[in-house]
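Report on one structure; see the data block that follows.
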Amino acid sequence: MVKLRLKRCGRKQRAIYRIVAIDVRSRREGRDLRKVGFYDPIKNQTYLNVPAILYFLEKGAQPTGTVHDISKKAGVFTELTLNHQTKFN
């Protein structure tokens, strides 16, 4: 099973996080399948590769709580529902 979760980067006391698609059995710092964005909590910046995130969500990937909140603020799930509706209409 694939999850979308945060992978810690940066130096001590100045963490930034990559948002990655990774196998559930892997460690936090383990090898990821694909990098799909980043999140900087200090500067409150995010970058999301929305098509890649939508691809993994459509394939059944589960986002963690924090990644879900970040994606929700960026409007990823509204695009997911729009894509889902257009496929069936």
Side-chain angles (χ1 to χ4, degrees):
M1 181 180 186
V2 176
K3 277 204 172 217
L4 297 174
R5 65 178 166 187
L6 298 175
K7 185 175 186 179
R8 191 177 194 280
C9 300
R11 63 176 202 244
K12 187 167 58 173
Q13 301 295 319
R14 297 282 299 168
I16 61 168
Y17 297 92
R18 284 189 182 141
I19 301 171
V20 296
I22 194 167
D23 187 39
V24 174
R25 297 166 290 188
S26 297
R27 310 184 322 245
R28 179 186 73 182
E29 306 301 334
R31 199 175 123 232
D32 49 62
L33 301 173
R34 185 164 180 195
K35 296 173 186 74
V36 295
F38 80 87
Y39 170 59
D40 186 351
I42 296 168
K43 295 180 182 176
N44 202 14
Q45 292 179 333
T46 58
Y47 167 77
L48 300 175
N49 184 350
V50 177
I53 291 174
L54 292 175
Y55 170 79
F56 282 108
L57 289 174
E58 287 172 356
K59 296 293 180 185
Q62 295 295 313
T64 60
T66 308
V67 173
H68 183 273
D69 293 343
I70 292 168
S71 302
K72 192 173 182 181
K73 283 182 187 175
V76 171
F77 294 109
T78 56
E79 292 186 34
L80 182 66
T81 56
L82 289 175
N83 286 349
H84 191 66
Q85 289 174 352
T86 57
K87 283 184 181 178
F88 291 109
N89 287 335

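- Ile16 and Pro41 get closest at one heavy-atom pair: CA-CD, 4.4 Å.
- With sequence neighbours excluded, no residue forms a salt bridge (charged side-chain N to carboxylate O under 4.0 Å, His left out) with Asp40.
- Within the 4.5 Å cutoff, the side chain of Arg34 has heavy atoms near those of the Asn49 side chain.
- Among residue pairs with one or both ends in residues 23-48, none qualify as ring-ring contact (aromatic ring centres under 6.0 Å, His included); sequence neighbours excluded.
- Judged as a salt bridge (charged side-chain N to carboxylate O under 4.0 Å, His left out), and not counting sequence neighbours, Arg31 has no contacts.
- With sequence neighbours excluded, no residue satisfies side-chain contact (heavy atoms from CB on, under 4.5 Å) with Asp69.
- With contacts defined as side-chain heavy-atom distances shorter than 4.5 Å, the pair Pro63/Lys72 does not qualify.
- The hydrophobic cluster around Met1 extends to Val24, counting ILVMFWY residues whose side-chain heavy atoms fall within less than 4.5 Å of a member.
- Heavy atoms only, all atoms of each residue included: Tyr17 and Arg8 are closest at CD2-CA, 3.7 Å.
- The CG atom of Leu6 lies 10.0 Å from the CG atom of Leu4; values are rounded to the nearest 0.5 Å.
- Not counting sequence neighbours, the partners of Phe77 by the ring pair (Phe, Tyr, Trp, His ring centres under 6.0 Å) test are His68.
- For Lys59, the side-chain contact (heavy atoms from CB on, under 4.5 Å) partners at least two apart in sequence or on another chain are Tyr55.
- The NZ atom of Lys3 lies 14.0 Å from the CG atom of Leu33; values are rounded to the nearest 0.5 Å.
- In this structure, the side-chain contact (heavy atoms from CB on, under 4.5 Å) partners of Leu48, at least two apart in sequence or on a different chain, are Ile19, Val50, Ile53, Ile70, Ala74, Val76.
- Of all heavy-atom pairs between Gly30 and Ile22, the closest is O-CD1, 3.9 Å.
- Here the closest heavy-atom approach between residue Val67 and residue Arg5 is recorded as CG2-CA, 3.6 Å.
- Annotation: salt bridge (charged side-chain N to carboxylate O under 4.0 Å, His left out) contacts of Lys7 (sequence neighbours excluded): Asp32.
- Considering only residues two or more places apart in sequence or on other chains, Arg14 meets the side-chain contact (heavy atoms from CB on, under 4.5 Å) condition with Arg11, Ile42.
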